[in-house]
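These notes are about the structure you will find just below.
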Amino acid sequence: MNSNKTRCIGLKQAEQATCLPDLLFATPPDWLDKPMLRFRTDDGNWHSWSRIRVQQSVLRVAAWLESKGIKPGDRVGILGHNSPEWFIADFAILRLGAVTVPAYFTDPPEAVRYVFDDADVSVIFVEEGEQQDKLAGYKRESVDTPFISFHGEGESIATISADVQWDNRLEAPCPDRADLATLIYTSGTTGHPKGVMLSHGNLLSDVAAGLGAVAVFPDDLFLSFLPTSHAFERTVGHFLPTACGAEIAYAEAVTTLLRDMPEVQPTIMISVPRLYEKIYAGVQAKLAAGPGLKRKLFDLAQKLGMERFELKQQGKDLAAGKAFVWRLLDKVVNARLREKMGGRIRMFISGGAALHPKIARFLLAADLMVLPGYGLTETSPILSVNVAGNIKPATVGAALSGVEIKVADDGELLVKGPMVMQGYWNDPEATAAAFDPDGWLYTGDIVEMDDEGYITIVDRKKEMMVLSNGENVPPAVIEQHLNQDPCFLQTMVLADNRPYVAALLVPEETALARAWQQDKKKPLPADWRDNQDVSSWVLERLRSDEFDLPSYMQVKRFAFVDAEWTQADGFLTPTLKLKRRKITEYHADLIESLYPDHEQVL
């Protein structure tokens with residue numbers, strides 16, 4: 001690890017930087033002509049921009065912003081997919097000393113507008129087309145907020161970046177570590193999202209801490225597909241490779257990853273567990289459809305692969321006979337899987353939600369290194385990560401350098417460190433509630449720690465759930481929608497560490513029969529609990545109940561529960577709140593039936 005740290009130039013870059021733009025500008029001269037940003041153009045081919053071209057574009061856009069009256073501390077919005085234009089806009093805003101306010105391109109118009117309203121943005125960089133349509137007619141009271149598109153013949157990031165008139169025009173000094181860099185909005189269980197205030201120093205300290213644990217080098221190539229508006233991708237897939245001189249390739253979309261990976265041949269990928277779950281599900285589906293011998297070979301490869309992994313962690317290897325069998329099985333079973341990922345993957349870094357140990361072991365046994373980690377938007381975001389040579393698949397690793405941790409009496413993890421946020425934007429009450437009297441940040445997660453300080457997430461103290469794709473799901477909001485339907489007495493949403501939202505429904509049979517009769521003009525079938533037509537109809541009804549919720553918060557599968565949950569049977573608190581863990585344990589088999597291993601519901 002020490003030799004890796006010495007070779008990792010990015011670690012020194014992050015430690016010495018006085019602001020985030022230093023990661024781009026204060027770099028070795030031999031990086032200037034090196035490819036930095038790779039992207040697919042309309043002709044289907046991949047193109048790259050050099051670092052010096054990106055630097056030039058950033059300075060021109062920063063000068064343009066300054067000419068429009070944007071000052072240090074002003075908020076500037078970004079709405080769009082990952083792209084060189086997103087990168088340029090972000091670094092231009094930061095170089096000017098203004099504050100980047102990203103909105104999620106997956107959010108509906110109302111959510112996007114709330115973020116930009118709350119942050120009081122002065123300008124919005126927006127991707128043309130569907131994203132710009134979300135801002136149609138958008139105008140805040142007595143404030144004219146100009147939109148600047150990513151591309152186009154008029155004023156756009158593309159045209160400004162190419163305009164030499166903006167060269168040497170920027171006058172603003174560089175910001176420093178204490179200055180606010182970005183507002184990242186994170187959802188709560190109720191109410192509107194809160195803007196997490198992260199400074200240049202917060203983010204730089206997290207980049208440095210991350211590189212102190214996991215080294216990245218100039219010859220590394222990242223394939224970026226998580227939204228850059230997400231704190232995980234922003235730090236680990238955006239700022240961190242910039243510090244290290246690594247190249248970033250932008251996937252066209254999540255749906256094109258299987259095409260993009262072999263073409264790009266990345267060495268590092270940052271992902272939430274959903275990607276790994278889909279890889280695992282795809283393998284399992286093929287095994288289920290294939291001959292029994294294929295399954296036996298896979299199982300043997302996994303067994304030997306895991307044994308090999310565990311020995312490697314101790315600096316050992318398989319005995320000669322087993323090593324020979326492993327090499328044969330690896331060529332037959334695992335090599336094809338690695339080729340589909342480009343054949344050069346050096347590591348996967350998993351975060352945003354807990355990775356199931358079964359999935360981690362599957363990848364490690366296939367000689368694909370995966371490093372599960374953990375963090376919060378409020379901590380810039382990474383707090384812990386597994387490290388090569390000491391990977392514990394059931395954990396999220398040990399705390400990064402500079403992160404102080406302690407476990408409260410109730411098991412909640414509390415943290416301190418230079419990466420901890422400045423607070424919530426314009427919300428002093430929420431900021432005060434996020435810290436204990438001694439300045440420790442409440443994480444909301446119940447944890448256990450082993451003798452080496454490796455952290456295992458046991459449960460979420462707060463009710464907020466996180467899908468395996470990293471999306472935050474407030475179950476109470478969804479349940480409030482569903483509980484308004486007279487067909488359901490009670491509902492409980494399932495989502496934490498799962499690929500999609502599902503629900504347990506306690507039906508009101510009389511109301512259900514009445515609604516069915518009204519819609520279908522015939523009596524409710526006697527076998528309605530297991531009837532496919534009834535199931536499809538109920539899903540349609542749920543869609544109607546959830547019409548104003550984002551797609552990822554909508555129920556994809558459900559199961560009827562036979563009896564109402566009561567205080568008497570221990571499923572409700574005295575104030576009639578659901579005891580989620582108790583209900584989940586009682587209905588464990590029913591819940592697992594909603595998430596078949598090989599089934600994918602997107």
Side-chain angles (χ1 to χ4, degrees), residues 189-190 459-468 471-596 599 601:
T189 55
T190 58
D459 201 353
R460 296 186 67 80
K461 184 176 180 179
K462 302 173 183 177
E463 286 196 341
M464 173 63 69
M465 298 179 180
V466 182
L467 288 172
S468 59
E471 294 283 5
N472 290 332
V473 174
V477 173
I478 304 172
E479 288 158 3
Q480 286 165 5
H481 282 68
L482 303 185
N483 289 339
Q484 294 179 32
D485 193 319
C487 292
F488 313 125
L489 288 171
Q490 294 168 306
T491 64
M492 190 181 86
V493 163
L494 311 161
D496 223 14
N497 301 324
R498 299 289 192 172
Y500 49 85
V501 175
L504 300 181
L505 308 177
V506 179
E508 208 310 312
E509 186 172 353
T510 302
L512 193 74
R514 186 183 302 117
W516 171 271
Q517 177 73 45
Q518 184 175 2
D519 281 358
K520 301 296 184 180
K521 312 303 180 188
K522 58 184 179 182
L524 185 69
D527 65 342
W528 59 271
R529 289 181 180 274
D530 304 306
N531 186 288
Q532 187 57 51
D533 289 340
V534 174
S535 293
S536 298
W537 172 78
V538 170
L539 274 176
E540 291 175 5
R541 192 172 185 91
L542 295 177
R543 292 284 184 279
S544 176
D545 294 335
E546 306 162 319
F547 77 97
D548 58 346
L549 295 179
S551 175
Y552 71 85
M553 285 174 59
Q554 295 178 2
V555 174
K556 303 297 189 292
R557 289 186 181 276
F558 74 93
F560 287 126
V561 174
D562 292 332
E564 189 174 350
W565 301 310
T566 66
Q567 280 183 263
D569 57 24
F571 293 137
L572 300 180
T573 69
T575 55
L576 304 183
K577 293 186 178 70
L578 299 175
K579 292 187 176 180
R580 296 183 186 276
R581 177 181 278 183
K582 184 81 179 252
I583 295 171
T584 299
E585 291 172 352
Y586 186 81
H587 295 293
D589 291 341
L590 184 60
I591 290 170
E592 288 306 311
S593 73
L594 296 172
Y595 297 97
E599 186 108 4
V601 178

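These numbers come from the heavy atoms of this one structure, side chains and all, not from hydrogens, waters or symmetry mates.
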Do [X] and [Y] come close enough that some side-chain heavy atom pair is under 4.5 Å?
X	Y	value
V473	I478	yes
R541	W537	yes
V555	E546	yes
F488	L542	yes
P525	W516	yes
L512	W528	yes
V538	F558	yes
H481	L549	yes

Nearest-0.5 Å distance that lies between atom [atom1] in [X] and atom [atom2] in [Y]:
X	Y	atom1	atom2	value
D548	M553	CG	CE	9.0 Å
K582	F571	NZ	CZ	6.0 Å
D533	S536	CG	OG	6.5 Å
R514	C487	CZ	SG	9.0 Å
S544	D485	OG	CG	8.0 Å
L505	L482	CG	CG	7.0 Å

**Asked** Would you say D589 has more than 12 foreign heavy atoms packed within less than 6.0 Å of its CG?
**Response** no
**Asked** Should we say atom OH of Y586 is surrounded by more than 12 heavy atoms from elsewhere, each under 6.0 Å from it?
**Response**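 Atom OH in Y586 is not packed in, count stays at 12 or less.
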Nearest heavy-atom neighbours spanning [X] and [Y]:
X	Y	result
E564	V506	CA-CG1, 3.8 Å
T510	E508	N-OE1, 3.0 Å
A502	L594	CB-CD1, 4.0 Å
W565	T491	CZ3-C, 4.0 Å
L494	A503	CD1-N, 4.4 Å
A495	V501	CB-CG2, 4.1 Å

**Message:** I'd like to know if the side chain of N531 reaches the main chain of V534, judged simply by a donor and an acceptor atom lying under 3.5 Å from each other, with no hydrogens or angles considered.
**Reply:** yes
**Message:** Looking at Q554, is its backbone amide N or carbonyl O close enough to the side chain of K556 to form a donor-acceptor pair, meaning the two atoms are under 3.5 Å apart?
**Reply:** yes
State whether [X] and [Y] are salt-bridged, where the test is any N-O pair (Lys NZ or Arg NE/NH1/NH2 against Asp/Glu carboxylate O) under 4.0 Å.
X	Y	answer
E479	R580	yes
R498	E592	yes
R529	D562	yes

**Asked** Do S468 and N497 have side-chain N/O donor and acceptor atoms under 3.5 Å apart?
**Response** no
**Request:** Would you please indicate yes or no on a ring centroid separation below 6.0 angstrom for Y595 and Y500?
**Result:**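 Aromatic pair counts; centres sit under 6.0 Å.
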